[in-house]
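Scroll down for the structure; my scribbles are underneath it.
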Amino acid sequence: MSAPTAPKLTRDTIVPFLEDIFERRGGEEYLGEPVTMAQHMLQGATIAEQNGQPEIIIVAALLHDIGHFTSEFGMFQMDDTEDRFHEDAGAEVLQDFFPTLVTDCVRYHVAAKRYLCATRPSYFDRLSDASIHSLNLQGGPMGDDEVEEFEKNPNLEQIIAVRFLDEAGKHPDMDTPPFAHFAPMVQRVVDAHLGAA
């Protein structure tokens, strides 16, 4: 007997679908960190909004770790010995509805950590223990050839911006608005990408 298939997502259902994930699963522990998964992503988006970042960066920060909820490989654990590739899982869920800039920020936020550790050694000092553990599973700092290739991405600056927001969003006592605050912004990014209905 085959598993039931999920309903096909559309431009009208993708944002409620994402909000539902935040509501149902956002309270899960962001393992190794002092915040839940939802707190982590909402903090990144809130910091971006407070700093006057464009809506598309705020949305990318909000959704950068959505793959932790959608990946068939499950959540990252501190005793993992293999990477779970949540960045690819997240980008695949979003790619039909969001511009490449958003999906690149999701798909490459792990690579950005490896890049920054290779090109700005002081960046390593920002990393939490959990982030260092996952870095080791993800291949460690990039080699010279990887750095050169990564720098060819036209969205490099925005990917790096979201990476910094990722590291910033780990405060146990930071208040943020709920997903509903950002939902109209997320819908605007979807609508702008998909054009008029």
Side-chain angles (χ1 to χ4, degrees), residues 5-22 24-26 28 30-31 37-38 40-45 48 53-77 80 82-117 130-131 134-135 137-139 142 146-147 149-169 179 182-183 185-195:
T5 56
K8 182 164 171 54
L9 293 170
T10 69
R11 69 187 296 160
D12 296 320
T13 61
I14 182 64
V15 178
F17 169 78
L18 294 170
E19 184 167 9
D20 180 62
I21 290 174
F22 269 74
R24 284 188 300 104
R25 300 193 53 198
E28 293 177 12
Y30 184 26
L31 284 154
M37 286 302 306
H40 170 60
M41 291 187 282
L42 289 166
Q43 285 181 18
Q53 292 281 344
E55 283 194 350
I56 200 162
I57 296 298
I58 298 169
V59 168
L62 178 69
L63 301 177
H64 79 276
D65 265 343
I66 199 72
H68 277 305
F69 299 134
T70 57
S71 172
E72 66 186 37
F73 304 114
M75 290 280 288
F76 168 74
Q77 308 280 340
D80 278 356
E82 295 181 6
D83 187 27
R84 292 173 181 263
F85 301 103
H86 71 281
E87 65 276 22
D88 291 330
E92 286 168 19
V93 167
L94 302 177
Q95 66 189 2
D96 290 341
F97 305 99
F98 291 85
T100 303
L101 192 152
V102 171
T103 56
D104 272 6
C105 287
V106 174
R107 190 180 305 280
Y108 298 117
H109 76 274
V110 168
K113 174 170 63 173
R114 298 183 61 227
Y115 171 79
L116 288 166
C117 285
S131 202
S134 62
L135 172 69
L137 299 181
Q138 292 153 351
M142 285 183 174
E146 290 176 294
V147 166
E149 187 63 29
F150 192 63
E151 288 177 341
K152 294 177 183 176
N153 191 305
N155 296 318
L156 178 66
E157 182 181 342
Q158 293 89 347
I159 295 166
I160 297 301
V162 169
R163 181 70 228 181
F164 279 115
L165 291 164
D166 183 350
E167 293 305 332
F179 186 97
F182 298 103
M185 191 182 300
V186 179
Q187 190 68 57
R188 283 194 294 273
V189 170
V190 169
D191 290 344
H193 175 59
L194 296 179

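Reckoned from all heavy atoms, side chains included, excluding hydrogens, waters and symmetry mates.
- Considering only residues two or more places apart in sequence or on other chains, R107 meets the side chain to side chain donor-acceptor pair (under 3.5 Å) condition with Q95.
- Between C117 and L135, the closest heavy-atom pair is SG-CD2, 3.9 Å.
- With 3.5 Å as the limit, one finds a donor-acceptor pair spanning the side chains of H40 and H64.
- Residues passing the side chain to side chain donor-acceptor pair (under 3.5 Å) test with E167, sequence neighbours excluded: Y123, S131, R163, K170.
- Put simply, the side chain of F97 does not reach to within 4.5 Å of the side chain of H193, judged on heavy atoms.
- T103 and T100 share no donor-acceptor pair across their side chains, judged by distance under 3.5 Å alone.
- Listed by chain and residue number, nothing satisfies the side chain to side chain contact (heavy atoms under 4.5 Å, CB included) test with A192 (two or more places apart in sequence, or in another chain).
- Qualifying side chain to side chain donor-acceptor pair (under 3.5 Å) partners for Y115, counting only residues two or more places apart in sequence or in other chains: E151.
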Applying side-chain contact (heavy atoms from CB on, under 4.5 Å), run through M41 and F22 and close with a yes or a no. CA-CA 9 Å; M41 291 187 282; F22 269 74; 3.7 Å; yes
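- At least one side-chain heavy atom of I57 sits under 4.5 Å from a side-chain heavy atom of L165.
- D20 is linked by a salt bridge (Lys or Arg N to Asp or Glu O under 4.0 Å) to R24, counting only residues two or more places apart in sequence or in another chain.
- Side chains of I14 and T10 form no contact here, defined as non-hydrogen atoms less than 4.5 Å apart.
- Legend: residues meeting side chain to side chain contact (heavy atoms under 4.5 Å, CB included) with A168, ordered by chain and number and at least two apart, are I47.
- Qualifying side chain to side chain contact (heavy atoms under 4.5 Å, CB included) partners for Q43, counting only residues two or more places apart in sequence or in other chains: V35, Q39, H171, M174, T176.
- Looking at heavy atoms from C-beta onward, I56 lies out of side-chain contact with F98 at the 4.5 angstrom threshold.
- Of the inter-residue distances, the one linking R11 atom CZ with L194 atom CG reads 5.0 Å to the nearest 0.5 angstrom.
- Listed for the E28 side chain is no donor-acceptor partner under 3.5 Å among the backbone atoms of A38.
- By the 4.5 Å heavy-atom criterion applied to side chains, I160 and L116 are counted as neighbours.
- Smallest separation of non-hydrogen atoms from V106 and A91: CG1-N, 3.5 Å.
- Residues that satisfy the side chain to side chain contact (heavy atoms under 4.5 Å, CB included) test with P16, not counting sequence neighbours, are absent from this structure.
- Side-chain contact annotation: K113 with S134, donor-acceptor N/O pair under 3.5 Å present.
- The closest side-chain heavy-atom distance from Y108 to V162 is not below 4.5 Å.
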Kindly determine whether V190 and V59 satisfy side-chain contact (heavy atoms from CB on, under 4.5 Å), including the steps that lead there. CA-CA 10 Å; V190 169; V59 168; over 6 Å; no
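- Checked by atom type and distance alone, the side chain of H68 never pairs as donor or acceptor with a backbone atom of D65 at under 3.5 Å.
- Using a 4.5 Å cut-off on side-chain heavy atoms (C-beta onward), F179 and V15 make contact.
- Smallest separation of non-hydrogen atoms from G67 and A89: O-CB, 4.1 Å.
- Heavy-atom minimum distance, F150 versus A111: CE1-CB, 3.7 Å.
- A search for side chain to side chain donor-acceptor pair (under 3.5 Å) contacts involving D104 returns N153, N155, not counting sequence neighbours.
- Checked against L18 for a side chain to side chain contact (heavy atoms under 4.5 Å, CB included), the options L62, L63, L9 give a single hit: L63.
- At least one side-chain heavy atom of E146 sits less than 4.5 Å from a side-chain heavy atom of R114.
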Using the side-chain contact (heavy atoms from CB on, under 4.5 Å) rule, take R25 and M37 through it: C-alpha gap first, then chi angles, then the decisive distance, then the call. CA-CA 8 Å; R25 300 193 53 198; M37 286 302 306; over 6 Å; no
